[in-house]
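Encoded as structure tokens, the structure appears first; notes follow it.
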Amino acid sequence: RILAGQDLDKTLILDNFIQRFVLMVDTLPQKSLPLSRLPTRPAPGAFLATERAGTDFISPVNYRRYTPYVQIAEALDPKLAVAAYLRFYPLIQEAYQSMGYSNEYFNDRLIEVIDHLLETPAVQSPVPLVHHITRYKYADPELEALSSGQKVLIRMGSDNAAKIKARLVELRKELVSMTPKD
């Protein structure tokens, strides 16, 4: 019911989902993500860049790679999602404590990370890139200095990022209106 009609097998890894979810939330504000240990499958296809007048940019075609994730976020019922979160909160908190956070609450971290993601600057296309060894970096040093979670929001395009941020606002509102039981 929380994600009615969504084909989750293509986007989520449900094996050890709670541990994967906790790890993802905790690492989104960091510079890199442990990709093989996240609860999400990589965006389908390869990252695409286009070149114009000697400058590389994120290709707008690239933004479509994130459509399945945006569809899941939009299909997510915030009230039902937070109710499920609260139901599983003891397991979530246990997973968080097993990561070495014995005196902290995961719910506090989740709110902190949502706030961090909401601070991601709105960037309009085209987003300039520079080729760096085997991958691209943002040409703007301020964008390149952002966290991995913020960079993902930029990489998915401004329209998709706005949809994700809107859902995060709704989830945050639900989270702060309910109190998890430890």
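Other members of the hydrophobic cluster containing Val61, listed by chain and number, are Leu48; membership follows side-chain contacts under 4.5 Å among ILVMFWY residues, whether direct or relayed.
How far CD of Glu104 is from CD of Gln93: 9.0 Å, rounded to the nearest 0.5 Å. Expressed to the nearest 0.5 Å, how far OH of Tyr96 lies from CG of Asn107 amounts to 10.5 Å.
Note on ring orientation: taking the six-membered ring where Trp is involved, the planes of Phe47 and Tyr136 are tilted (angle from 30° to 60°). Ring planes of Tyr66 and Tyr69: tilted class, angle from 30 to 60°.
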Under 3.5 Å donor-acceptor pairs involving side-chain atoms of residues 113-133, not counting sequence neighbours:
from, atom 1, to, atom 2, distance (Å)
Asp115, OD1, Arg172, NE, 2.5
Asp115, OD2, Arg172, NH2, 3.2
His116, NE2, Ser147, OG, 2.7
Thr120, OG1, Leu117, O, 2.6
Ser125, OG, Tyr63, OH, 2.8

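In this structure, Asp77 contributes its side chain and Leu80 its backbone to a donor-acceptor pair below 3.5 Å. Without hydrogens or angle criteria, Asp26 side chain to Val22 main chain gives no donor-acceptor distance under 3.5 Å.
Note on Ile164: it clusters hydrophobically with Leu38, by side-chain heavy-atom contacts below 4.5 Å among ILVMFWY residues. The same ILVMFWY cluster, assembled from side-chain heavy atoms under 4.5 Å apart, contains both Leu76 and Leu28. Each of Val152 and Ile13 belongs to its own hydrophobic cluster when Ile, Leu, Val, Met, Phe, Trp and Tyr are linked at side-chain heavy-atom distances under 4.5 angstrom. Hydrophobic clustering keeps Leu143 apart from Leu153 (ILVMFWY residues linked when any side-chain heavy atoms are closer than 4.5 Å, directly or through intermediates). Grouping the Ile, Leu, Val, Met, Phe, Trp and Tyr side chains by contacts below 4.5 angstrom, directly or via other members, places Ile154 apart from Val169.
Sorted by first and then second residue, the side-chain hydrogen bond (donor to acceptor under 3.5 Å, both in side chains) pairs with a member in residues 27-46 form an empty list; sequence neighbours excluded. Within the structure, salt bridge (charged side-chain N to carboxylate O under 4.0 Å, His left out) contacts touching residues 122-137 (residues at least two apart or in different chains) do not occur. Applying the salt bridge (charged side-chain N to carboxylate O under 4.0 Å, His left out) test to residues at least two apart or on different chains, none of the pairs has a partner in residues 42-67.
At least one side-chain heavy atom of Val25 sits under 4.5 Å from a side-chain heavy atom of Phe106. Side-chain contact between Ile18 and Phe21: absent, with no pair of heavy atoms (C-beta onward) separated by less than 4.5 Å. Inter-residue side-chain proximity for Tyr105 and Tyr89 is flagged as met; some heavy-atom pair is nearer than 4.5 Å. Under the 4.5 Å side-chain criterion, counting only non-hydrogen atoms from C-beta, Val70 is not in contact with Thr67. Within the 4.5 Å cutoff, the side chain of Thr11 has heavy atoms near those of the Pro68 side chain.
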Take Glu74 and Lys163 through the test side-chain contact (heavy atoms from CB on, under 4.5 Å) and record every step on the way to the result. CA-CA 7 Å; Glu74 289 185 309; Lys163 292 173 184 177; 3.3 Å; yes
Apply side-chain contact (heavy atoms from CB on, under 4.5 Å) to Tyr85 and Leu171, showing your working. CA-CA 11 Å; Tyr85 168 75; Leu171 287 167; over 6 Å; no
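Minimum interatomic distance between Met156 and Asn160 (heavy atoms only, all atoms of both residues): O-ND2, 2.9 Å. The heavy-atom pair separating Ala73 from Arg167 by the smallest distance is O-NE, 2.8 Å.
For Asp108, the CG atom sits in a packed shell: over 12 heavy atoms of surrounding residues, nucleotides or ligands are nearer than 6.0 Å.
Salt-bridge formation is not detected for the pair Glu170/Lys173: no Lys NZ or Arg NE/NH1/NH2 atom is positioned less than 4.0 Å from an Asp or Glu carboxylate oxygen.
Partners of Tyr138 under the ring-ring contact (aromatic ring centres under 6.0 Å, His included) rule, at least two apart in sequence or in another chain, do not exist in this structure.
For the residue pair Tyr101/Gln97, the side-chain donor-acceptor check at 3.5 Å is not satisfied.
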